[in-house]
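Below is one structure, written out as structure tokens, with a few remarks after it.
Only this structure's heavy atoms are used, side chains among them; waters, hydrogens and symmetry mates stay out.
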Amino acid sequence: MFQLVVIVALVTGLCQLIKLYVPSKIMPAISLAIGIAAGFTFISGTIQEHVFNGLAIGLAASGL
């Protein structure tokens, strides 16, 4: 659980950095993409768990 909190914080910070260079209109999609990539990179489990955790990370990072 603590691992997910740290990953969400890192993804949020990365998205805030990226927001300086791209339009804010497409930031939710970028947050989801980074979240799914982080889910596949840092979370262990099945493919469904990777995708679900990645979506949760991306949505949390975008503010939902």
Side-chain angles (χ1 to χ4, degrees):
M1 186 64 163
F2 179 72
Q3 182 181 11
L4 287 176
V5 173
V6 172
I7 294 171
V8 168
L10 291 174
V11 170
T12 302
L14 183 62
C15 290
Q16 291 297 321
L17 182 66
I18 292 173
K19 193 191 293 187
L20 298 172
Y21 301 105
V22 298
S24 61
K25 186 164 91 172
I26 61 171
M27 281 311 298
I30 292 173
S31 295
L32 281 176
I34 293 172
I36 291 174
F40 274 100
T41 304
F42 298 114
I43 306 295
S44 61
T46 64
I47 292 177
Q48 291 87 1
E49 291 172 343
H50 288 297
V51 171
F52 180 76
N53 287 326
L55 286 173
I57 291 167
L59 289 173
S62 68
L64 292 173

Side-chain polar contacts of residues 29-58 - donor-acceptor pairs under 3.5 angstrom, sequence neighbours left out - could you list them?
residue	atom	partner	partner atom	Å
Ser31	OG	Met27	O	3.0
Thr41	OG1	Ala37	O	2.7
Thr46	OG1	Gln48	OE1	3.4
Thr46	OG1	Glu49	N	3.4
Glu49	OE1	Thr46	N	3.0
His50	ND1	Gly39	O	3.0
His50	ND1	Ile43	O	3.0
His50	NE2	Gly45	O	3.2
Asn53	ND2	Glu49	O	3.1

Fill in: Cluster companions of Tyr21 among Ile, Leu, Val, Met, Phe, Trp, Tyr (side-chain spacing under 4.5 Å)
Leu17, Leu20
Worksheet entry | Partner of Leu10 under side chain to side chain contact (heavy atoms under 4.5 Å, CB included), chosen from Val8, Thr12, Val6 | Val6
Discussion item. Hydrophobic clustering (ILVMFWY, side-chain heavy atoms < 4.5 Å, transitive) - are Val11 and Val22 grouped together?
Written reply: yes
